[in-house]
Enquirer: 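Please see the structure below; I have some questions.
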Amino acid sequence: MSELKEGAIVTGEVISTKPFGAFVKLETGESGLVHISQISSKYVEKVEDVLQVGASVKAKVLSIDPSGKISLSIKALSDDRPARDNKRGGGDRRGGSRRNNNNNPTDFEDMMKKWMKSSEERLSALAAKQKKNR
């Protein structure tokens, strides 16, 4: 059984990347997974864009399931997480105001452009396939 505890800060080396995340060999000799959603607070399209095999990383242990699988988060340690606005009087039930959020609009716009391009390509391919089958 692992000596690690949830919430512990660990250091390790990326030993492989997959479309869903990166496997990290920890100093304890155990391996854990950093899911793609836990790599960065910014959108990560491909794991290899952010993490390379052999890179040293620092992560937080999110959970250890009964079978010993270790779930890690690099994002939990980063300083670029959006700040929480807990002031009263905001228009959002979660405590902040949705009108004055600090999210970077260019990140969202870039994601939207990529999504639109991908969507248009898929629609074009579908239309061509349907036209061919007629």
Enquirer: Who pairs with Thr11 by side chain to side chain contact (heavy atoms under 4.5 Å, CB included), at least two apart in sequence or on another chain?
Expert: Glu27, Ser56, Lys58
Enquirer: How long is the gap from NZ on Lys69 to CD1 on Ile64, to the nearest 0.5 Å?
Expert: 14.0 Å
Enquirer: Could you pull out every donor-acceptor pair under 3.5 Å between side chains of residues 117-131 and any protein atom, sequence neighbours left out?
Expert:
unit_1, atom_1, unit_2, atom_2, d
Ser118, OG, Arg122, NE, 3.4
Ser118, OG, Arg122, NH2, 2.6
Ser124, OG, Glu120, O, 3.0

Enquirer: Can you check side-chain contact (heavy atoms from CB on, under 4.5 Å) on Val57 and Val34, steps first, answer last?
Expert: CA-CA 10 Å; Val57 296; Val34 180; 5.7 Å; no
Enquirer: Report the residues that fulfil side-chain hydrogen bond (donor to acceptor under 3.5 Å, both in side chains) with Glu45, sequence neighbours left out, ordered by chain and then residue number.
Expert: Lys114
Enquirer: Who passes side-chain hydrogen bond (donor to acceptor under 3.5 Å, both in side chains) against Ser63, sequence neighbours left out?
Expert: none
Enquirer: Atom CD1 of Ile70 and atom OG of Ser31: how far apart are they, to the nearest 0.5 Å?
Expert: 7.5 Å
Enquirer: Could you go through residues 48-55 and list every donor-acceptor pair under 3.5 Å that involves a side-chain atom there, pairing it with any protein atom two or more places apart or in another chain?
Expert:
unit_1, atom_1, unit_2, atom_2, d
Glu48, OE2, Thr17, OG1, 3.0
Gln52, NE2, Glu48, O, 2.8

Enquirer: Rest of the hydrophobic cluster containing Phe20 (Ile/Leu/Val/Met/Phe/Trp/Tyr, side-chain heavy atoms under 4.5 Å)?
Expert: Ile15, Phe23, Leu33
Enquirer: Let me confirm one number: the CD1-CG distance from Ile9 to Leu72, rounded to the nearest 0.5 Å.
Expert: 10.5 Å
Enquirer: Listed by chain and number, what are the side chain to side chain contact (heavy atoms under 4.5 Å, CB included) partners of Lys132, not counting sequence neighbours?
Expert: none
Enquirer: Quick check for you: to the nearest 0.5 Å, what is the distance between Lys42 atom NZ and Met111 atom CE?
Expert: 12.5 Å
Enquirer: If I compare all heavy atoms of Val47 with all of Pro19, which pair ends up nearest, and what's the gap?
Expert: CG2-O, 4.0 Å
Enquirer: Of all residues at least two apart in sequence or in a different chain, which pass the side chain to side chain contact (heavy atoms under 4.5 Å, CB included) check with Leu62?
Expert: Gln38, Ser71, Ser73
